[in-house]
Structure formats: structure tokens, C-alpha cells
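Notes follow once the structure below has been shown.
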Amino acid sequence: SRLGYYSLGYMIGMSFVVINQALVQSLMPKVYLFLESGVGRKDIYKYAYLYNIFILIAVLFAMLIMYNFSDIILGEAYRDSLDIIFLVMIAVAFDGMYRVYGLIINFYKENILRTKIEYTIMIINILISIFLIPYYGILAPDMGTITAYLLAYVLTNHYAIKLLNLHDIT
């Protein structure tokens with residue numbers, strides 16, 4: 001039954017992935033325009049911060065709705081799945097947050113860097129999940145995913161700032 005909860009959690013999380021992708025794609029032309037012009041660092045940061053705040057508020061709002069109305073939305077049988085759903089939602093929020101800074105890495109065609117970041121978070125996700133399974137069971141992969149996407153956010157933010165400095169984006 002916990003596996004069914006996990007599937008439900010990821011199905012709900014995927015709705016946020018679709019929203020993340022749409023929002024990041026809508027930011028791409030603006031970010032790329034700033035990068036092409038060499039001016040707009042503050043605007044890029046502003047869009048990234050606004051996106052981060054928006055996605056965190058959206059996830060927290062969705063969690064609040066799910067917590068208060070899960071019996072209506074999911075049915076009583078799935079109330080025990082809320083822990084999984086909440087962890088997936090948090091992971092998906094970090095996924096979207098790291099993709100905004102990934103636009104800068106993509107613009108400068110730093111494909112090897114992007115691949116290294118992706119492989120790093122994949123390995124971290126797997127290792128943390130395996131390590132935590134004996135302690136947290138089916139929640140361990142969610143914890144691994146949250147950690148991996150948080151690390152992806154930190155790494156892409158770090159390298160995006162380096163690229164902005166390297167290319168003298170003001």
C-alpha cells in the first residue's frame with residue numbers, strides 16, 4: 001500500500017514539474033536577452049528570486065490544501081500518503097529553482113558542466129536513498145531527491161554567478 005502512496009505522491013509532484021517547466025521556459029527569452037546584451041544581472045537575480053518565492057509559496061499552499069482537504073481530494077484511504085506527497089512537492093520546488101540558474105549555464109553552452117552537475121545529483125540521490133532506506137523506508141528516496149535538488153540549486157547558482165562574472169554581465 002505504501003508503494004501506491006509513493007506513486008500517488010509522484011503523480012501529484014509531476015503536476016508541479018509541468019508548472020516548473022512552463023515557468024522556466026517563459027523566463028528563458030528574458031534571461032537570454034539580458035545575457036546577450038551583457039546587462040541585466042540584477043534583473044536575472046530578480047526573476048530568479050521571484051520565481052523561487054513563487055514556487056515555494058505555491059508548494060506550501062498546495063501542501064496546506066492537501067493537508068486540510070486530503071480526505072476530499074484523495075479519499076480517506078490515501079491520508080497516510082501525505083508525508084510522501086509533501087516530500088515530493090518540496091523536491092519538485094528545488095528542481096524548479098535550480099533550473100532557473102541552469103538557464104545561464106545553458107546559454108553559455110557549458111554542457112560538460114551541466115552534465116557533471118546532473119551526474120553528481122544523480123549519484124547523491126542514489127547514495128542518500130540507499131543509505132536512508134533502513135532508517136526511513138519508503139521516504140528515503142524522497143529525502144535523497146530533496147537533497148540532490150537542493151545541491152543542484154546550490155551548484156547551479158554558484159556556477160551561474162561565476163559565468164556572469166566571467167562574461168562581465170553587469
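Position 1 is the first residue of the sequence; numbering continues from there.
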>> Between D95 and N20, is the side chain to side chain contact (heavy atoms under 4.5 Å, CB included) condition met? List the steps.
In response: CA-CA 8 Å; D95 172 53; N20 275 341; 4.2 Å; yes
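- Heavy-atom minimum distance, Y149 versus A91: CD1-O, 3.2 Å.
- Neither Y98 nor M122 shares a network with the other; the hydrophobic side chains, linked directly or stepwise wherever heavy atoms of I, L, V, M, F, W or Y lie under 4.5 Å apart, form separate groups for each.
- Pairs passing the ring pair (Phe, Tyr, Trp, His ring centres under 6.0 Å) check and including a residue from residues 19-71, sequence neighbours excluded, read Y32-F107.
- Counting heavy atoms from C-beta outward, R41 and N165 have side chains that approach closer than 4.5 Å.
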>> Quick one, V59 with V92, criterion side chain to side chain contact (heavy atoms under 4.5 Å, CB included). Give me CA distance, side-chain angles, the key distance, then yes/no.
In response: CA-CA 9 Å; V59 165; V92 169; 6.0 Å; no
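- Looking at residues two or more places apart in sequence or on another chain, you find a side chain to side chain donor-acceptor pair (under 3.5 Å) between N52 and Y153.
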> Stepwise, does the side chain to side chain contact (heavy atoms under 4.5 Å, CB included) test hold for M63 with I90?
Replying inline: CA-CA 9 Å; M63 289 168 68; I90 293 166; 4.2 Å; yes
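- Taking the side chain as every heavy atom from C-beta outward, I44 and L35 approach each other to under 4.5 Å.
- In the hydrophobic clustering of this structure, I73 groups with V88; members are Ile, Leu, Val, Met, Phe, Trp, Tyr whose side-chain heavy atoms approach within less than 4.5 Å, directly or through other members.
- Interatomic distance, I84 CD1 to M89 CE, rounded to the nearest 0.5 Å: 13.0 Å.
- The line from CD1 of I128 to CD1 of I121 is 11.5 Å long, rounded to the nearest 0.5 Å.
- Residues N125 and S129 bring a donor and an acceptor atom of their side chains to less than 3.5 Å of each other.
- The same ILVMFWY cluster, assembled from side-chain heavy atoms under 4.5 Å apart, contains both I65 and L60.
- No chain of hydrophobic side-chain contacts below 4.5 Å, direct or via other Ile, Leu, Val, Met, Phe, Trp or Tyr residues, connects I123 to L132.
- The side chain to side chain donor-acceptor pair (under 3.5 Å) search around N106 returns R114, not counting sequence neighbours.
- Residues forming a side chain to side chain donor-acceptor pair (under 3.5 Å) with T147 (at least two apart in sequence, or on another chain): none.
- Taking CG of L27 as the start and CZ of R99 as the end, the distance is 13.5 Å to the nearest 0.5 Å.
- N157 CG to I104 CD1: the interatomic distance, rounded to the nearest 0.5 Å, is 8.0 Å.
- There is a path of hydrophobic side-chain contacts, each under 4.5 Å, that joins L166 to L113.
- For Y108, the side chain to side chain donor-acceptor pair (under 3.5 Å) test picks out no residue, with sequence neighbours left out.
- Looking at L50 and K46, their side chains come closer than 4.5 Å, going by heavy atoms from C-beta outward.
- Considering CG of L155 and OG1 of T120, their distance stands at 6.5 Å, rounded to 0.5 Å.
- With sequence neighbours excluded, the residues forming a ring-ring contact (aromatic ring centres under 6.0 Å, His included) with F131 are Y135, listed by chain and number.
- Between T156 and G102, the shortest heavy-atom contact is CB-N, 4.3 Å.
- In this structure, I112 places its CD1 atom where only 12 or fewer heavy-atom neighbours from other residues, nucleotides or ligands lie under 6.0 Å away.
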>> Let's go through Y159 and I117 carefully: what are the C-alpha distance in whole Å and the side-chain angles of both, what is the deciding distance for side chain to side chain contact (heavy atoms under 4.5 Å, CB included) to 0.1 Å, and is it a yes or a no?
In response: CA-CA 10 Å; Y159 286 111; I117 291 170; 4.1 Å; yes
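- Across all non-hydrogen atoms, the minimal contact from P141 to G137 is CD-O, 3.8 Å.
- Rounded to the nearest 0.5 Å, atoms CG (L23) and CE (M28) are 12.5 Å apart.
- Shown here for M66 and L82, the closest heavy-atom pair between the two residues is O-CD2, 3.9 Å.
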